[in-house]
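What follows is a short report on a single structure.
Predicted, not measured: the structure shown is a model, and the values here were computed from it. Every chain is numbered from 1, with letters handed out A, B, ... down the list of sequences.
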Amino acid sequence: MFNLPKRRILRKNKEFQKVYRYGRSYANRYLVLYAFTANGPEGKVGFAAGKKLGNAVTRNRVKRLLRESYRLNQQLLGPKYDLLLVGRKAAVDVKYAVMEKAFLSLVRKARVLGQEAK
RNA sequence: UGAGUAUGAAAGACAAUCGCUGAUGCUUUGAAGCAUUUGAGGAAAGUCCGGGCUCCAUAGGGCAGUGUGCUGGAUAACGUCCAGCGAGGGUGACCUCAGGGAAAGUGCUAUAGAGAUUUAAACCGCCUGCUUUGUGGCAGGUAAGGGUGGAAAGGUGCGGUAAGAGCGCACCAGCGUCCGGGCGAUCGGACGGCUUGGUAAACCCCACAUGGAGCAAGACCAAAUAGGGAAGGGAUGAGGCGGCUCGCGGAACCUUCCGGGUUGUGUCGCUUGAGUCGGCAGGUAACUGCCGAUCCAGAUAAAUGAUUGUCGCUGCGCAGGCAGAACAAAACUCGGCUUAUUGAGUACUCAUGGA
RNA sequence: GUGCCCGUGGCCCAGUGGAUAGGGCGUUAGCCUCCGGAGCUGAAAGCGUGGGUUCGACUCCCACCGGGCACA
């Protein structure tokens with residue numbers, strides 16, 4: 001239920017480009033959310049952290065926080081969305097609880113929640 | 001106690017829950033699921049050097065270019081390391097040094113100064129002579145003193161002289177020859193003649209080293225279809241060996257343009273290696289040899305995270321408790337260097353006080 | 001991964017080992033004008049950082065820091 005195997009993660013450059021170009025974007029202080037209606041059997045998710053955030057260690061940490069937020073709350077989401085989460089500068093030294101809250105508020109704003117959650 | 005020098009272990013631990021990479025086993029048409037196990041560093045970093053490995057001749061010759069530069073050793077190799085020598089710095093522990101050649105040649109040496117590199121040089125001064133009413137002028141001698149400079153061509157002292165001068169002598173520095181110690185850099189001593197600035201991180205000379213590219217190397221598989229037209233070159237030797245040349249090699253194809261068409265973030269390379277740990281032996285040491293044990297990440301928008309609890313460390317607080325814990329993540333691999341950073345301990349030095 | 005290049009006042013650039021580090025634009029003070037512009041006169045402000053070579057370094061060498069380019 002909380003699984004997040006490799007095939008559910010965006011890996012190819014083309015997929016990233018597609019979500020960036022055609023997805024709707026929502027943002028707050030800690031992250032940016034791109035949402036795009038998927039055409040595959042299940043939704044995929046991607047995580048990104050730009051070079052502005054710092055060195056490799058901090059970028060990795062931001063991406064892992066984003067992944068945890070998605071992984072633990074994915075059952076709330078509708079099944080047919082490709083999402084892309086991008087960390088922002090304020091997320092660098094933030095705890096998980098803050099990140100999760102920011103993620104949930106954005107998800108509500110973007111209206112990609114599933115039927116049960118509503 | 002304070003200040004400092006060198007070296008330098010380790011990089012919080014355990015448990016629970018949810019997840020991820022790889023491997024193995026089972027289930028399974030496939031996809032996947034379950035179980036067990038595994039999983040970042042001392043710098044993984046910067047990419048400053050050097051190897052392995054792969055391809056291009058089997059990596060060859062010469063020139064050019066580039067790099068290194070006290071001696072001896074270590075090493076696969078190095079611009080690294082170890083032990084010494086010399087120079088410089090520090091009261092000292094100790095630290096720093098691209099540290100060969102300036103008598104092969106060329107260049108540069110600003111400003112200042114009379115004079116800056118070859119018969120060195122006379123501005124002030126000193127001395128002698130001539131002259132003048134003269135405090136002066138002229139001629140000559142002189143590098144001891146002053147002044148300039150980073151540097152004035154050996155330094156100090158005594159003798160000597162009209163005044164002076166390696167002009168003579170002693171010591172010191174430098175140069176040459178010889179003797180002795182040391183594998184050697186070099187050190188010590190004797191003798192000789194009496195002295196030839198600096199700069200080679202300026203060109204250069206000498207010695208040594210150096211073929212080029214890089215895992216996006218390279219190999220394989222799959223998918224796609226049609227290999228079409230034009231021009232030029234090719235056994236009188238194409239393309240290739242990324243500077244030039246010699247040489248090698250031996251192709252029916254090669255280059256350019258026009259038109260058409262397809263395609264993977266595929267598999268291998270990819271982790272057993274100058275590996276790691278322990279013992280013994282050799283060596284001042286770097287390191288080497290032998291024996292035994294052991295397998296310890298292989299990702300590709302890139303795996304180690306999140307949450308909670310207990311204990312340990314540091315700070316604050318009477319206490320419950322609260323806050324904090326660096327720098328930073330493999331990308332073919334290994335040896336160094338450099339930089340970032342928390343830092344227990346060990347050895348030593350100096351100063352002050354006490355016994 | 002490899003090979004290169006650059007860093008000079010606020011901005012864009014010059015600069016043979018010896019200059020007071022130069023030019024343009026800008027800033028600023030004064031003059032001029034009824035006011036502004038233009039013009040004239042003057043001023044401030046700089047060699048990325050740290051070492052080394054040299055008598056002397058923006059320049060030569062080394063190590064860092066920051067930025068950029070090319071190729072596969």
Side-chain angles (χ1 to χ4, degrees):
Chain A
M1 190 180 213
F2 298 115
N3 288 6
L4 189 56
K6 222 177 188 180
R7 68 191 148 80
R8 301 267 320 281
I9 296 179
L10 289 180
R11 323 213 79 157
K12 300 194 176 182
N13 196 24
K14 275 182 188 169
E15 298 174 329
F16 270 84
Q17 292 304 324
K18 202 163 72 182
V19 179
Y20 268 120
R21 189 167 306 174
Y22 302 113
R24 293 162 293 149
S25 71
Y26 307 89
N28 62 16
R29 201 169 132 71
Y30 300 103
L31 64 138
V32 183
L33 172 73
Y34 289 87
F36 177 61
T37 310
N39 48 12
E42 54 189 349
K44 288 191 171 189
V45 64
F47 310 96
K51 269 200 172 173
K52 276 186 199 168
L53 300 190
N55 57 31
V57 173
T58 59
R59 291 203 305 272
N60 262 339
R61 186 185 143 74
V62 169
K63 282 200 274 188
R64 282 168 182 154
L65 285 177
L66 292 173
R67 193 169 61 194
E68 282 295 290
S69 315
Y70 178 82
R71 183 176 71 79
L72 294 173
N73 295 294
Q74 58 181 314
Q75 79 281 2
L76 301 175
L77 302 177
K80 297 281 282 181
Y81 293 104
D82 280 349
L83 299 183
L84 177 55
L85 308 176
V86 182
R88 309 187 78 181
K89 188 107 189 194
V92 165
D93 32 44
V94 129
K95 293 207 162 188
Y96 169 72
V98 179
M99 179 62 87
E100 187 178 34
K101 223 174 136 189
F103 172 73
L104 287 176
S105 83
L106 262 195
V107 157
R108 218 163 288 131
K109 209 161 139 194
R111 290 195 286 262
V112 291
L113 292 172
Q115 291 299 325
E116 305 171 35
K118 280 175 188 168

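Closest non-hydrogen pair, A/L65 versus A/V94, comes out as CD1-O, 3.8 Å. Nearest heavy atoms, A/V32 versus A/A27: CG2-CB, 4.1 Å. When all heavy atoms are compared, the tightest approach of A/L77 to A/Y70 is CD1-CE1, 3.5 Å. Heavy atoms only, all atoms of each residue included: A/N73 and A/E100 are closest at ND2-OE2, 3.2 Å.
Nucleotides B/U148 and B/U133 place their P atoms 40 Å apart, quoted to the nearest Å. Distance check on atom P: B/U288 versus B/U75 gives 6 Å, rounded to whole Å. For B/G155 and B/G69, the P atoms lie 37 Å apart once the distance is rounded to whole Å. Taking atom P in both B/G264 and B/G249, the straight-line distance is 44 Å, to the nearest Å. Comparing the same atom, P, in C/A63 and in C/G23 gives a spacing of 36 Å after rounding to whole Å. Using C1' as the reference atom, B/A326 and B/C313 are 15 Å apart when rounded to the nearest Å. B/G164 sits 23 Å from B/U135 when the P atoms are compared, rounded to a whole Å. Taking atom P on both B/U314 and B/G320, the two are 16 Å apart, rounded to the nearest angstrom.
For C/G46, there is no paired nucleotide, since no Watson-Crick or G-U wobble pair has both relevant distances below 3.5 Å. Pairing of B/U66, defined by two Watson-Crick or G-U wobble distances under 3.5 Å, is identified with B/A209. Pairing of B/G30, defined by two Watson-Crick or G-U wobble distances under 3.5 Å, is not identified with any nucleotide. Nucleotide B/G289 forms a pair with B/C280, judged by Watson-Crick or G-U wobble geometry with both contacts under 3.5 Å. Of the nucleotides present, B/C175 is the one that pairs with B/G192 by Watson-Crick or G-U wobble criteria, both distances under 3.5 Å. When both pairing distances are held under 3.5 Å, B/A74 makes a Watson-Crick or G-U pair with B/U80. With a cut-off of 3.5 Å on both Watson-Crick or G-U wobble distances, the partner of B/C348 is given as B/G4. When both pairing distances are held under 3.5 Å, B/A104 makes no Watson-Crick or G-U pair with any nucleotide shown.
A/Y96 contributes atom OH, which lies 4.0 Å from atom CG of A/L72 (distance to the nearest 0.5 angstrom). Note that CG of A/L76 and CG of A/L104 are 7.0 Å apart. Values are rounded to the nearest 0.5 Å. Here the straight-line distance linking atom CD of A/Q74 with atom CZ of A/R8 works out to 5.0 Å at 0.5 Å rounding.
The base of B/A328 lies outside donor-acceptor range of the side chain of A/N55, with no N or O pair under 3.5 Å. Between the side chain of A/R71 and the base of B/C18 there is at least one donor-acceptor pair of N/O atoms closer than 3.5 Å.
Nearer to the 5' terminus of RNA chain B, by closest-nucleotide assignment, is the contact made by A/L72 (compared with the other of A/K95 and A/L72). Two residues, A/A97 and A/V57, neighbour RNA chain B, and the one matched to the more 5' nucleotide by heavy-atom proximity is A/A97.
Glycosidic conformation of B/C318 is anti; the angle lies outside 90° of 0. In this entry the base of B/G166 is syn relative to its sugar, with a glycosidic angle within 90° of 0. B/U148: glycosidic angle beyond 90° from 0, hence anti. In B/A344 the base sits anti relative to the sugar, since the glycosidic angle is further than 90° from 0. Under the 90° criterion around 0 for the glycosidic angle, B/G227 counts as anti.
Listed nucleotides B/A330, B/A328, B/U304 differ in distance to A/R67; the shortest reach to its side chain belongs to B/U304. Of the candidates B/A302, B/A306, B/A329, B/A302 carries the atom nearest the A/I9 side chain, counting heavy atoms from C-beta on.
Whole-Å rounding puts the A/N60 CG to B/A331 P distance at 13 Å. In this entry the distance linking CG of A/L4 with C1' of B/A303 reads 13 Å, nearest Å. For the pair A/E68 CD and B/C20 C1', the computed distance is 9 Å after rounding to whole Å. B/A40 atom C1' lies 16 Å from atom CZ of A/R59, rounded to whole Å. Atom P of nucleotide B/U307 and atom CE of A/M99 are separated by 11 Å, given to the nearest angstrom. Straight-line distance from the CG atom of A/N73 to the C1' atom of B/U307: 13 Å, rounded to whole Å. Residue A/F103 contributes atom CZ, which lies 15 Å from atom C1' of B/A306 at whole-angstrom precision. The interatomic distance linking A/Y96 (OH) with B/U308 (C1') rounds to 14 Å, in whole Å.
Look at A/K63 and you'll find a side-chain N or O under 4.0 angstrom from OP1 or OP2 of B/A302.
Once the 5.5 Å centre distance and the 30° plane angle are applied, the aromatic ring of A/F16 is found stacked with the base of B/A301.
Linking Ile, Leu, Val, Met, Phe, Trp and Tyr residues whenever their side-chain heavy atoms come within less than 4.5 Å places A/F47 and A/V98 in a single cluster.
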